[in-house]
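Scroll down for the structure; my scribbles are underneath it.
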Amino acid sequence: MNSKDNTYNPSLIEKKWQAIWEKNKIYSPDLNSGELPFYNLMMFPYPSAEGMHVGNMHAFTGADVYGRFKRMQGNDVFEPIGLDGFGIHSENYALKTGRHPVEQAKTSEMNFYRQLHSIGNSFDWTRTVETYKPEYYKWTQWLFIQLFKAGLAYRKKAPVNFCPSCKTVLSDEQVIDGCCERCNSVVEKRDLEQWFFKITKYADRLLSGLSKIDWVEKVKTAQRNWIGKSEGALIKFKIDDSPHGEAGLGFKNKEIEVFTTRPDTLFGATFLVISPELAQKWLSVGRKAPEKVKSYVQNSLKLADMDRSKEDREKTGVFTGIYAINPANQEKMPVWIADFIIGSYGTGAVFADAHDERDFEFAKKYKIPLKPTLKTGNRDLDEKIINLEMCFTGDGILFDSGEFSGLTSAEARKKIVAWLNEKAQAKQQVNYHLRDWLISRQRYWGPPIPMIYCEKCQWQPVPEKDLPVLLPYIKDYKPMGTGKSPLANHPEFYKTNCPKCNGAAKRETDVSDTFLDSAWYFLRYVSTDIDNTAFDAKRVKKWLPVNMYIGGVEHSVLHLLYSRFMTMVLSDLGLISFEEPFTKFRAHGLIIKDGAKMSKSKGNVVIPDEYIRKFGADTVRSYLMFAGPFEMGGDFRDTGIEGTHRFVKRIWRLVSSIKQQVLSMDKKGENSDLDRLMHKTIKAVTEDIEKLNYNTAIAHLMEYYNELSAFYTKYKILNAKYCKTLVLLFAPFAPHISEELYQLLNENKAGKFLSIHNSSWPQYDPRFLEASQFMVVVQVNGKLRGNIIVDKEILNNQVRIEELVRQNQRVMRYLEGKQIRKVIYVEGRVINFVVE
RNA sequence: GCCCAGGUGGCGGAAUGGUUUACGCGAUAGUCUCAAAAACUAUUGGUCGCAAGACCAUGUGGGUUCGAAUCCCACCCUGGGCACCA
């Protein structure tokens, strides 16, 4: 650059350096020979909306700062990017714009990649992944087949979530509060035959694996809750079929099985409650039940899950007319049907007693007798429990419970189950909230599920040599809402031959869930140049699992759970040798705009482009990182960004103006205070970046700059090493200006181009950190009353320090005439005089 | 209802039990300029006071401590997750 031109022109230098970096491939590590591999991953975007907004940029920048930091610390950092462009998000956007998804994808890709270039991340642009390209989804289909062959993909007819607006089924994880994750429509139940992945088989490993990974706690908690493990027992209740012997018909073995986590309350169980779903099965056997019972069951089944599961709703139910026998005490228990019992959890039946809020409320309403069997030891409380004035749900001491009376709940749980187990009436049981992953989508924009149905041979996978099953370009791609994909209108697509018997057969016309695309993309990144395998085993071994993963918490029980499942499956299949894909996961915060959440409906979504054009990416990056703690986010304000821009410009001015005097390597312009500050700053910035406390890292850089600038203004000289350190420490945040200034500082050095981003991260020397003098705060009765300057040599000499205090008139005013009771001295920090 | 995170100036936010308000924004005054912008310099928690200074301030109320934004107890508010899961 022209050294006489001293104005900071970000758009010029940013484009220049981006081109040089890409040409020199400084961000493209050799995947075969990297010595210190560090896989720095961020969640790839859905290129569905109008473009990247500042929230995305905040996340990507924060991840990139960490990657650049690791690179300067000597790691071979691999930081790939791609587009999660298949799926409902992109297709819904295409439907909105009225452009064909294929066309829309091309535009979105161009726009997103342009934006992603402009923010100055150290992406490896030679290895992008786009989930909608056949060279990628070929392998997504291949993975489906591997799961099918392993018995982990199966078809079943079941009541599934159906979004009437997106016109497709959804997985449980994609239903938020009964509404579609994408469009917020209320989800319906439909009985459809669909493809599922057996994620429930991995429930326990998904749970226990959490303790082995360094993830932000809230995501682990969310996954634990979602998996929802409950340990308890399965207990059999015989149906009392006297006098005619037919009451138990319709129940397997004339028994009702019940799951409970509280076998300790069994002696107090006075009735059973079964779900409408279970009751329907019972009625379908043709039993003559009262009309009242039949209509209750039918009405309940019609209600949406949402309406049924509202907690404040008053409980309803109906007596079946039949009785069961309590296996603990042989008492007769009426069997009720109630819609607060969930058909799909446990066995769809419970026993009810006085120690459960819901049972208690239900029994009171229908005047069913209750019998408490737990007390607390507190007389007042116990009186209320026994008089049924309160419902006690905690652990207590058993009474009226046969030989188990007097035991604690915890002891009784084990012993009662063991006792019943001997009589074959109970066994230990673990239940999970997690359900199998529904994979089918009745949409167009996704990878066709690679399965073929033959009347004779049933479901057959597409032979691997025939992959990919290409998604055809069709005009009528809009979802139909009939429970079938638009591809079902295209015989040229679905008509085929059975791979086994070669007879006429039909392809599956549903496509797979977007979350399957993203459940394995981190494996593909290391193999984009290899087309004969999904992922190259050697490279996977070298680079995975991912060292650092950064993304949004909204994926806690979606992408982050599915990816773990897929990794465990691949590990079991012997294709990889680890179970957890992401060693470390951190969630970025949310960027809000002037105190309000950004949303399209509010019209306050900030697109970074105009700010980058005006201030440069370095400023926008620094601003976003400075706005607040990275994991909490921050508030986007135009005035704030100008403040950060001022800081960037000041650095430019200081470093480019000292350039003339830095050509020699002598000690001119050195200063011991500046030395100490420099080492302190290196230490602070290094520790802050490691903890993702980017906002305080930048604050430290500002303080450091302020001192350098003050020194330079005063003495008109400044040693180059201070500026070099400043620029190096600023490099992860503002890569372009740092590169420009770094090259400027090294201009006289011969040799080939060494980017600042491949230079070494500064090291601090602990010897410089200690000052020769310390300020000790003086307090009287804990109140600040002054301070004294103490030489390092006498820092641990309390007597000398008290002498120094006595010389301080300001402080002595507060001590005159008072009796000192105690003096507390904290070395090098504070001395507190306690007076009467 | 349960779990998690949080509540500090006009604002975003700092603070291993030890100077509350680092850093930045904004505001006020000034320098430069014909002027403005930019840039630079100074001031900037509140109340009272001419001043010296005093007192009050980290959601509320208690407690522990020589000393609490920080630890403990109770409560209030905000954001997020889970939720009739037996």
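A note on names: the letters A, B, ... follow the listed sequences, proteins ahead of strands, and every chain is numbered from 1.
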Can you check whether A:S230 has a side-chain N or O nearer than 4.0 Å to OP1 or OP2 of B:A86? yes
Syn versus anti for B:G12, judged by chi lying within 90° of 0? anti
By ring-ring contact (aromatic ring centres under 6.0 Å, His included) - contacts of A:H679 (at least two apart): A:F768
Between B:A51 and B:G45 - P atom distance, rounded Å: 16 Å
Applying side-chain hydrogen bond (donor to acceptor under 3.5 Å, both in side chains) as the test, list every pair that has at least one member in residues 641-650 of chain A; sequence neighbours left out. A:T619-A:H645
Just the rounded figure in Å: distance from P of B:G24 to NE2 of A:H700. 12 Å
Over how many whole Å does the gap from A:L701 atom CG to B:G24 atom C1' extend? 13 Å
Between the base of B:C84 and the side chain of A:K315, is there any donor-acceptor pair under 3.5 Å? yes
Look at the side-chain N and O atoms of A:K649 and state whether any lies under 4.0 Å from the OP1 or OP2 oxygen of B:A39. yes
Test A:E802 against A:Y825 for side-chain hydrogen bond (donor to acceptor under 3.5 Å, both in side chains), laying out the working first. CA-CA 9 Å; A:E802 285 185 37; A:Y825 174 56; over 6 Å; no
Scan nucleotides 8-21 of chain B nucleotide by nucleotide, 5' to 3', and note B when protein non-hydrogen atoms come under 4.0 Å of the base, S if they reach only the sugar-phosphate, - if neither. ---SBSS-B-BB--
Can you tell me if the side-chain N/O atoms of A:R650 get under 4.0 Å from OP1 or OP2 in B:A39? no
Below 4.0 angstrom from OP1 or OP2 of B:C25, is there any side-chain N or O of A:R646? yes
Specify the separation, in whole Å, of atom CD of A:E707 and atom C1' of B:A22. 13 Å
Return yes when atom NZ of A:K371 has more than 12 non-hydrogen atoms of other residues, nucleotides or ligands closer than 6.0 Å, and no otherwise. yes
B:G81 phosphate, OP1 or OP2, under 4.0 Å from A:K218 side-chain N/O: no
Considering only atom P, compute the distance from B:G26 to B:G12 and round it to an integer number of Å. 15 Å
Using a 3.5 Å limit on both distances, find every run of at least three consecutive Watson-Crick or G-U pairs that involves RNA chain B. B:1-7 with B:76-82, B:10-12 with B:23-25, B:26-31 with B:39-44, B:45-48 with B:53-56, B:59-63 with B:71-75
Residues in ring-ring contact (aromatic ring centres under 6.0 Å, His included) with A:F730, at least two apart? A:F647
Using whole Å, what does the distance between atom P of nucleotide B:G80 and atom CD1 of A:I592 come to? 11 Å
Gap between atoms NE2 and C1', on A:H433 and B:G81 respectively (whole Å): 13 Å
In whole angstrom, give me the gap between the P atoms of B:A38 and B:U19. 37 Å
For A:R262, the salt bridge (charged side-chain N to carboxylate O under 4.0 Å, His left out) test, sequence neighbours excluded, returns A:D264, A:D395
Lys/Arg-Asp/Glu bridge criterion (N-O < 4.0 Å) met for A:E277, A:K281: no
Distance check, C1' atoms only: B:G7 and B:U20, in whole angstrom units. 16 Å
What does the list of N/O pairs under 3.5 Å between the protein and nucleotides 54-59 of chain B look like, with a distance for each?
from: B:A54; atom 1: OP1; to: A:Y814; atom 2: OH; distance (Å): 2.4

On the ring face of A:F362, is A:K315 found with NZ or CZ under 6.0 Å from the centre and within 45° of the axis? no
From CG of A:L434 across to P of B:C82 the rounded distance in Å is 14 Å
Of the listed nucleotides (B:C84, B:A39, B:C3), which one gets closest to any side-chain atom of A:T221? B:C3
Side chains of A:D688 and A:T686: do they bring a donor and an acceptor to under 3.5 Å? no
Choosing from B:A83, B:C66, B:C25, which nucleotide comes nearest the side chain of A:T639? B:C25
State which residues pass salt bridge (charged side-chain N to carboxylate O under 4.0 Å, His left out) with A:R829; sequence neighbours excluded, sorted by chain then number. none
Indicate, with a heavy-atom threshold strictly under 4.0 Å, whether A:V834 touches base, sugar-phosphate, or nothing. sugar-phosphate
Below 3.5 Å, can you tabulate the donor-acceptor pairs from side chains in residues 343-351 of chain A to any protein atom, sequence neighbours excluded?
from: A:S344; atom 1: OG; to: A:R435; atom 2: NH1; distance (Å): 3.4
from: A:Y345; atom 1: OH; to: A:S230; atom 2: OG; distance (Å): 3.1
from: A:T347; atom 1: OG1; to: A:E257; atom 2: O; distance (Å): 2.6
from: A:T347; atom 1: OG1; to: A:A349; atom 2: N; distance (Å): 3.4

Take atom C1' in B:A22 and the same atom in B:G13, then report the distance between them in whole Å. 10 Å
Rounded to whole angstrom units, what separation is found between the CG atom of A:N706 and the C1' atom of B:U41? 13 Å
Could you tell me whether A:G643 contacts a base, only the sugar-phosphate backbone, or nothing, with contacts defined as non-hydrogen atoms closer than 4.0 Å? sugar-phosphate
Can you check the distance between B:U65 and B:G81, where both ends of the measurement are the P atom (answer in whole Å)? 42 Å
Test ring-ring contact (aromatic ring centres under 6.0 Å, His included) applied to A:F630 - qualifying residues, sequence neighbours left out: A:H58, A:Y694
Could I get the full list of salt bridge (charged side-chain N to carboxylate O under 4.0 Å, His left out) partners for A:R586, not counting sequence neighbours? A:D214
Tell me every residue that passes salt bridge (charged side-chain N to carboxylate O under 4.0 Å, His left out) with A:K220, counting only those two or more places apart in sequence or in another chain. none
With RNA chain B as reference, determine whether A:N225 or A:F351 sits nearer its 5' end, using the nearest nucleotide of each. A:N225
What integer distance in Å separates A:N781:CG from B:G67:P? 8 Å
B:C66 to B:G79 separation - C1' atoms, rounded to the nearest Å: 38 Å
Gap in Å between the two C1' atoms, one belonging to B:G62 and one to B:C55, rounded: 23 Å
